[in-house]
Protein chains: 2
Amino acid sequence: MLNSYSSEDKVLLSVDCIIFGFDNEGLKILLIKRDFEPERGKWSLMGGFLKKEESLNNAATRVLNHYTGLQNVYMEQLYAFSEVDRDPVDRTISVAYYALINIENHNTELIKNYDAEWFNISNMPKLIFDHDDMVAHAIRRLRYRTSTKPVGFELLPEKFTMRQLLELYEAILDKALDKRNFISKINSLDILVKLNEKDMLSSRKGSYLYMFDKEKYDAKSLNNFALNL
Amino acid sequence: MLNSYSSEDKVLLSVDCIIFGFDNEGLKILLIKRDFEPERGKWSLMGGFLKKEESLNNAATRVLNHYTGLQNVYMEQLYAFSEVDRDPVDRTISVAYYALINIENHNTELIKNYDAEWFNISNMPKLIFDHDDMVAHAIRRLRYRTSTKPVGFELLPEKFTMRQLLELYEAILDKALDKRNFISKINSLDILVKLNEKDMLSSRKGSYLYMFDKEKYDAKSLNNFALNL
DNA sequence: CCAAAAGTGTTGTGTTTACACCCATGG
DNA sequence: CCATGGGTGTAAACACAACACTTTTGG
């Protein structure tokens, strides 16, 4: 009789998503007002339970899509949170994921219906359960990941200015960066294309738009792009 | 009726441990010969199921202690593996942990009884299920962690020579390091104490023994010791 | 013509790498 | 006395950090 591990305990597994976005006000995360007990009305990450016939990655993707309407989003598994009393209702282990989205692309209708809201990471409400820990983890991981892989572009529109890119890195790393040094480091990586097109909204002179050149980046097959900021 | 999420699926959760050790032959991991079906007789990581009343960290610690007799071991959660068909017997999500132990300290009787064996990481058998992935993950994480936190010492005896430390880093990073540069980097961190005691086994001249000075390290409260090797 | 942001290089400092010889000792 | 590993410093190349002025143009 070997087709089950019959005497072992089974538990609930959930995923919780830390959804990052970026705009000219800084780095933000998307939170939802919980509409069921316990902790109804408190702010929470977006989550859901793992179904028996899906992987954790699938579950995280499903949850993200459900709340934002988005697909093909950069997501990464963070950590499994498993303190026995972390959820007062039932024993639940939660695997946290973070996602990087272009804040302009998601379905604003959808998030309004869910009572969701973007919060600046420096100005966030207290969250339920251990969700604050999850967010802290996510920010640490995002800092590491952005200095190691070109994932920052996921948070920007397809075409962006150097100023936007600079401000993105400043927001993620939470420190001021030198404009000239930053630009020459980025240029030395040789993974952007400069377009013959300017963004005229931010200044009279206008500033050039750039795009991330994924082909070029992949061709280099760096396993680590070591952006030492 | 709010004291359960009653309609959600429950699943089995297990932990699997990648146990690293180091000796003069290199970096090793401890594997066990599986003694039940399926895959009886194949090599496997040491694992066990999560019990309802313990956290994942507790479960990992319990499993490690069960197989090695060790306590107070450096362990870190790696990643949750959740492909639907990863375990043919039953739907099981497994959270991988890695541990760093001083290979001389564990209970050799115990591991003999369990049909366990140390394998050099460059010379490992194929493992069951997705355990090879877990090991690959663990090695990557160990590389990152050792260049960022002083965890390498967990793999060495309390007193060790510079040569041992050098060879440890060479084994972890899988590359040759320059002896003089390595020693001056380590010394510049100022976290070792040089003892008035030599190891006379490795050479006629004898080489000085060192200890990691945790107090000194903590006092500096570096959040990252940036050993750029 | 002026306010506001864009764009652009150089220099000093510190870090990293490459490299080779003498020392101490047990046998 | 010699074989073996232990221990030590310097110079060149490179990467990083600090720094300020000119350009453009809409209003």
Side-chain angles (χ1 to χ4, degrees), chain A residues 23-26 143 146-148 156-157 159-171 173-211 220 222 224-229, chain B residues 23-26 143 146-148 156-157 159-171 173-211 220 222 224-229:
Chain A
D23 65 15
N24 56 10
E25 290 160 28
R143 279 185 191 147
T146 47
S147 56
T148 240
L156 294 173
K159 300 173 181 182
F160 51 86
T161 65
M162 276 292 179
R163 163 177 282 256
Q164 284 177 290
L165 188 60
L166 172 70
E167 288 179 350
L168 171 65
Y169 275 89
E170 288 185 328
L173 302 175
D174 191 28
K175 68 175 180 189
L177 298 173
D178 180 274
K179 180 172 54 156
R180 279 177 288 187
N181 293 339
F182 178 81
I183 293 174
S184 50
K185 268 183 198 173
I186 294 291
N187 283 333
S188 74
L189 293 174
D190 188 30
I191 55 173
L192 297 186
V193 269
K194 185 176 189 168
L195 305 176
N196 280 322
E197 198 180 338
K198 287 190 166 191
D199 167 51
M200 298 309 294
L201 300 172
S202 63
S203 74
R204 315 232 146 113
K205 185 178 179 180
S207 63
Y208 281 103
L209 289 165
Y210 293 79
M211 285 177 66
K220 290 178 200 283
L222 316 164
N224 169 329
F225 85 3
L227 197 46
N228 302 306
L229 306 171
Chain B
D23 65 15
N24 56 10
E25 290 160 29
R143 278 185 191 146
T146 47
S147 56
T148 241
L156 294 174
K159 301 173 180 182
F160 51 85
T161 64
M162 277 292 179
R163 163 178 283 254
Q164 283 177 292
L165 188 61
L166 172 70
E167 288 179 350
L168 172 64
Y169 274 90
E170 288 185 329
L173 303 174
D174 191 27
K175 69 174 179 188
L177 299 173
D178 181 274
K179 179 172 55 158
R180 280 177 289 188
N181 293 339
F182 178 81
I183 293 173
S184 50
K185 268 181 197 173
I186 294 290
N187 284 333
S188 75
L189 293 174
D190 187 30
I191 55 172
L192 297 187
V193 270
K194 184 176 191 169
L195 305 176
N196 279 324
E197 198 180 337
K198 287 190 165 191
D199 166 52
M200 299 307 294
L201 299 171
S202 63
S203 73
R204 314 211 167 181
K205 185 177 179 179
S207 62
Y208 281 103
L209 289 166
Y210 291 79
M211 285 177 66
K220 289 177 199 284
L222 317 163
N224 169 327
F225 84 3
L227 196 46
N228 302 308
L229 306 171

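Note that these values count all heavy atoms, side chains included, but never hydrogens, waters or copies made by symmetry.
Reading DNA chain C from its 5' end, the first and the last nucleotide to sit under 4.0 Å from a heavy atom of chain B are C:dT16 to C:dG27.
Here A:Ser202 pairs with A:Asp199 under the side-chain hydrogen bond (donor to acceptor under 3.5 Å, both in side chains) rule; sequence neighbours left out. Residues passing the side-chain hydrogen bond (donor to acceptor under 3.5 Å, both in side chains) test with A:Lys198, sequence neighbours excluded: none. A:Lys205 is linked by a side-chain hydrogen bond (donor to acceptor under 3.5 Å, both in side chains) to nothing, counting only residues two or more places apart in sequence or in another chain.
Counting only residues at least two apart or in different chains, salt bridge (charged side-chain N to carboxylate O under 4.0 Å, His left out) contacts with residues 179-191 of chain B comprise B:Asp190-B:Lys216, B:Asp190-B:Lys220. Applying the ring-ring contact (aromatic ring centres under 6.0 Å, His included) definition to pairs two or more places apart or across chains, none involves residues 185-210 of chain B. Applying the ring-ring contact (aromatic ring centres under 6.0 Å, His included) rule to pairs touching residues 184-205 of chain B yields nothing, sequence neighbours excluded. For residues 177-203 of chain B, the ring-ring contact (aromatic ring centres under 6.0 Å, His included) pairs, not counting sequence neighbours, are B:Tyr169-B:Phe182.
Mapping A:Arg163 and B:Ser184 onto DNA chain C by nearest heavy atom places A:Arg163 at the nucleotide closer to the 5' end.
When atom types are taken as modelled, the side chain of A:Glu167 and the backbone of A:Gln164 share no donor-acceptor pair closer than 3.5 angstrom.
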Open item on the list: Return a single string for nucleotides 15-27 of chain D, one symbol per nucleotide in 5' to 3' order, where B is base contact, S is sugar-phosphate-only contact and - is none, cutoff 4.0 angstrom on heavy atoms.
Closed with: -SBBBB--BBBB-
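Per the geometry, OH belonging to B:Tyr208 stands 13 Å off P belonging to D:dG6, to the nearest Å.
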